[in-house]
Amino acid sequence: MNIGYVITIGSKGDSHLVTRLIVDDKEVEYFRAITGNTVYHTNTISGYVALSEGTHNVRVEYRTPGTLSSNSNDDWTTAELQVVY
């Protein structure tokens with residue numbers, strides 16, 4: 001299964017943004033990404049995950065010590081998860 005995600009967002013002041021992929025409640029370490037010491041963050045990664053037949057739960061999690069700032073008028077912000085099987 002090919003999986004990829006991108007998160008593009010701003011923060012209020014210099015900070016870092018850490019993201020990771022969770023599949024069936026377990027982290028897939030290859031999919032960790034970090035941007036740091038900046039106001040504008042873009043974390044993007046894609047790759048292959050081998051999964052058995054059946055239903056799976058896929059999600060992206062993030063953490064930051066800063067404050068993220070997203071506004072519906074900011075046409076450059078995005079959060080996307082793509083799963084191709």
Side-chain angles (χ1 to χ4, degrees):
M1 176 175 300
N2 287 311
I3 299 177
Y5 70 84
V6 60
I7 298 175
T8 303
I9 196 165
S11 61
K12 296 181 180 178
D14 286 355
S15 188
H16 63 268
L17 175 67
V18 180
T19 54
R20 66 183 187 167
L21 183 78
I22 306 295
V23 178
D24 296 332
D25 296 322
K26 294 182 182 175
E27 179 184 9
V28 182
E29 291 182 4
Y30 171 81
F31 286 85
R32 291 179 179 175
I34 185 171
T35 53
N37 300 327
T38 185
V39 176
Y40 301 103
H41 307 273
T42 299
N43 289 10
T44 183
I45 192 164
S46 63
Y48 180 80
V49 177
L51 297 173
S52 61
E53 289 186 33
T55 302
H56 299 278
N57 183 322
V58 179
R59 69 181 186 271
V60 176
E61 295 181 342
Y62 79 92
R63 68 178 168 84
T64 180
T67 302
L68 299 179
S69 59
S70 181
N71 183 322
S72 61
N73 293 326
D74 293 340
D75 60 356
W76 58 272
T77 63
T78 189
E80 179 182 340
L81 170 64
Q82 184 177 42
V83 178
V84 180
Y85 58 95

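Just so you know, these numbers come straight off a predicted model, no measurement behind them. If you read the sequence from its start, that first residue is 1, and numbering goes on from there.
Contact detail for His56 and Leu51: the closest heavy-atom pair is NE2-CB, 3.8 Å.
Atom OG1 of Thr19 sits about 5.5 Å away from atom CD1 of Ile7, to the nearest 0.5 Å. Residue His41 holds its NE2 atom at 5.5 Å from OG of Ser15, rounded to the nearest 0.5 Å. Here the NZ-CG distance, from Lys12 to Leu68, works out to 10.0 Å after rounding to the nearest 0.5 Å. A distance of 7.0 Å separates CD1 in Ile3 from CG in Leu81, rounded to the nearest 0.5 Å. Atoms CZ and CG, on Arg32 and Leu21 in that order, are 11.5 Å from each other to the nearest 0.5 Å.
Ile45 is connected to Tyr62 through a chain of hydrophobic side-chain contacts under 4.5 Å among Ile, Leu, Val, Met, Phe, Trp and Tyr, so both are in one cluster. Residues Val83 and Val60 share a single hydrophobic cluster, defined by chaining ILVMFWY side chains whose heavy atoms lie under 4.5 Å apart. Residues Val6 and Met1 do not share a hydrophobic cluster, defined by chaining ILVMFWY side chains whose heavy atoms lie under 4.5 Å apart. Residue Val39 is grouped with residue Trp76 when hydrophobic side chains (ILVMFWY) are merged at heavy-atom distances under 4.5 angstrom, including chains of intermediate members. Hydrophobic cluster membership is shared by Tyr85 and Tyr5, with clusters built from Ile, Leu, Val, Met, Phe, Trp and Tyr side chains linked at under 4.5 angstrom.
For the side chain to side chain contact (heavy atoms under 4.5 Å, CB included) criterion with Ile34, the lone passing option out of Leu17, Thr64, Val18 is Val18. Between Thr77 and the options Asp75, Asn73, Asp74, a side chain to side chain contact (heavy atoms under 4.5 Å, CB included) holds for only Asp74.
Although no hydrogens or angles enter the test, the distance criterion places a donor-acceptor pair under 3.5 Å between the side chain of Asp24 and the main chain of Asn57.
Taking a 6.0 Å sphere around CG of Asp14, one finds it holds more than 12 heavy atoms contributed by other residues, nucleotides or ligands.
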